[in-house]
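By convention here, the first residue in the shown sequence is residue 1.
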Amino acid sequence: SEELKFAQSKGYEITVIKGYQFKKINNIFDDFILDLYKKKTKSSGFLKLIYKSLLNNFLGRFGLSITKPITQTMDKNRRDFIISTRIIHSHKFLNDNKFLITYDPTISKEICLEHGLDYMKVLENESKSNIENSLDLFKDVSIATAAMVTSYARIYINKFKLDILNKGGSIYYSDTDSLVLDKQHFDPNWIGDNIGQFKLEYNIKEAYFISNKTYCLILNNEETVIKTKGVINNSLTTDQFKSMYLNKKNTTATKFNTISNFEKASVIIEKKEVVLNYDSYTKREK
């Protein structure tokens, strides 16, 4: 809603169809965030990484799914019902009438339809046993908090973007908290160590932006910075970025692939070759 108000202030017309209403409470996390930020600025090494992680991951905690997979042993009748109504993560045979199953506790409409079951009737029968009361839930999730903080962050950086564009500047790339722009439209007052200020990371001579979080920077001091989303940074070269951008050619890269095994309670990490699409800049105008 705050983002819509911001858009309205810039000339957009907003029609509200429906929404959810929440009580607004200000500054509930101020002390927590400011204390961690202060500790981060005064620390180094692993402590700095820990404080940074606590700050960066704090918001994401509120946006987690409220349900977690359940692992249970059950007889064949219960197993058959669960398989025909839920998403199954693992299934292990113990004996003729005992099975170890990991599954999502919420009923899946798609799975019910696949097995020819009436989704509404399944929901009705399950509600009689008050299954919601026994679900393994995250009790500290707040989608409203995650959505509003993200919204305020977009409003904050959009004010910088609009200021740059209104002064005739160009923005070559932008992400959650970053901007790549013309040097003449850069304001030194934006840089500092306080919350809400930017850090001047690079002076760039040449750059190739393929998609969000996938780009190659050639700096004024001839150093090269390669950032990629989903693949290993050093599996790509400057020439590959130039080929994608200038010659419109796809390229191959290496990524880490994780395979979760619920039965063994393990995660296997392996390398995998993938194709990067040269024309994957779909979120913004290139």
Side-chain angles (χ1 to χ4, degrees), residues 20 22-23 28-29 32 36 46-47 49-150 213 228-232 253-275:
Y20 294 96
F22 298 89
K23 257 187 200 171
I28 195 168
F29 301 118
F32 178 78
L36 279 177
F46 73 91
L47 271 178
L49 287 174
I50 290 171
Y51 293 135
K52 183 178 179 180
S53 178
L54 287 169
L55 285 164
N56 288 353
N57 296 318
F58 181 64
L59 169 63
R61 178 78 211 175
F62 293 103
L64 292 174
S65 170
I66 63 168
T67 57
K68 296 181 285 185
I70 293 174
T71 300
Q72 287 179 336
T73 56
M74 58 188 71
D75 61 25
K76 187 176 184 303
N77 287 338
R78 178 68 179 162
R79 187 279 309 259
D80 290 346
F81 177 68
I82 291 295
I83 283 178
S84 61
T85 56
R86 270 85 163 175
I87 293 171
I88 305 299
H89 294 287
S90 74
H91 175 280
K92 193 167 187 179
F93 174 84
L94 299 177
N95 60 40
D96 288 342
N97 199 36
K98 274 280 183 258
F99 302 86
L100 182 68
I101 311 287
T102 300
Y103 63 96
D104 285 350
T106 50
I107 297 163
S108 166
K109 185 176 182 179
E110 289 75 18
I111 300 294
C112 287
L113 293 175
E114 277 179 24
H115 289 85
L117 298 177
D118 187 317
Y119 174 64
M120 296 308 295
K121 282 186 178 176
V122 173
L123 280 178
E124 191 179 331
N125 289 334
E126 289 289 280
S127 68
K128 290 173 183 173
S129 61
N130 289 322
I131 191 170
E132 290 86 359
N133 295 331
S134 59
L135 289 184
D136 194 8
L137 299 174
F138 281 119
K139 303 293 186 186
D140 51 0
V141 168
S142 170
I143 303 301
T145 300
M148 290 304 292
V149 174
T150 307
K213 294 182 170 62
T228 56
K229 182 183 181 181
V231 300
I232 303 168
T254 307
K255 69 175 284 187
F256 286 117
N257 192 40
T258 58
I259 303 168
S260 301
N261 188 318
F262 284 92
E263 291 178 13
K264 297 179 180 178
S266 68
V267 176
I268 298 169
I269 301 174
E270 59 183 17
K271 288 184 178 179
K272 179 183 176 183
E273 291 290 312
V274 292
V275 175

Minimum heavy-atom distance between [X] and [Y], given as atom pair plus value:
{"X": "F99", "Y": "L94", "result": "C-CD1, 4.0 Å"}
{"X": "P105", "Y": "K68", "result": "CD-O, 3.3 Å"}
{"X": "L123", "Y": "I107", "result": "CD2-CD1, 3.8 Å"}

Could you tell me whether the side chain of [Y] reaches within less than 4.5 Å of the side chain of [X], counting heavy atoms only?
{"X": "M74", "Y": "I82", "answer": "yes"}
{"X": "Y103", "Y": "Q72", "answer": "yes"}
{"X": "H89", "Y": "P69", "answer": "yes"}
{"X": "D118", "Y": "C112", "answer": "no"}
{"X": "Y119", "Y": "E124", "answer": "no"}
{"X": "T85", "Y": "I111", "answer": "no"}

Can you tell me how far the [atom1] atom of [X] sits from the [atom2] atom of [Y], to the nearest 0.5 Å?
{"X": "S90", "Y": "L100", "atom1": "OG", "atom2": "CG", "result": "6.0 Å"}
{"X": "L64", "Y": "S142", "atom1": "CG", "atom2": "OG", "result": "11.5 Å"}
{"X": "T258", "Y": "K272", "atom1": "OG1", "atom2": "NZ", "result": "10.0 Å"}
{"X": "E114", "Y": "K109", "atom1": "CD", "atom2": "NZ", "result": "13.5 Å"}
{"X": "R78", "Y": "I101", "atom1": "CZ", "atom2": "CD1", "result": "10.5 Å"}
{"X": "K92", "Y": "K98", "atom1": "NZ", "atom2": "NZ", "result": "16.0 Å"}

Partners passing ring pair (Phe, Tyr, Trp, His ring centres under 6.0 Å) against Y20 (at least two apart in sequence or in another chain):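 Y20 satisfies ring pair (Phe, Tyr, Trp, His ring centres under 6.0 Å) with no other residue.
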I'd like to check the ring pair (Phe, Tyr, Trp, His ring centres under 6.0 Å) partners of F29; sequence neighbours left out, ordered by chain and number.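 Applying ring pair (Phe, Tyr, Trp, His ring centres under 6.0 Å) to F29 gives F58, F62.
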Non-neighbouring partners of [X] that pass side chain to side chain donor-acceptor pair (under 3.5 Å), sequence neighbours left out:
{"X": "S84", "value": "none"}
{"X": "T254", "value": "E273"}
{"X": "S53", "value": "N57"}

Sequence-distant partners of [X], side chain to side chain contact (heavy atoms under 4.5 Å, CB included), two or more places apart:
{"X": "N97", "answer": "D75, K76, N95"}
{"X": "I83", "answer": "R79, I88, H91, H115"}
{"X": "T228", "answer": "T214, I226, V231, N233, L236, F241"}
{"X": "E270", "answer": "N257, I259"}

Verify side chain to side chain contact (heavy atoms under 4.5 Å, CB included) between V122 and F81, making sure each step is shown before the conclusion. CA-CA 10 Å; V122 173; F81 177 68; 4.3 Å; yes
Is it the case that the side chain of D104 and the backbone of T106 share a donor-acceptor pair, with hydrogens and angles ignored and the cut-off at 3.5 Å?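 It does not hold such a pair.
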CZ (F46) with more than 12 external heavy atoms under 6.0 Å: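 Incorrect, the count does not exceed 12.
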Restricting to salt bridge (charged side-chain N to carboxylate O under 4.0 Å, His left out), what partner residues turn up for K213, sequence neighbours left out?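 For K213, the residues satisfying salt bridge (charged side-chain N to carboxylate O under 4.0 Å, His left out) (neighbours in sequence not counted) are D175.
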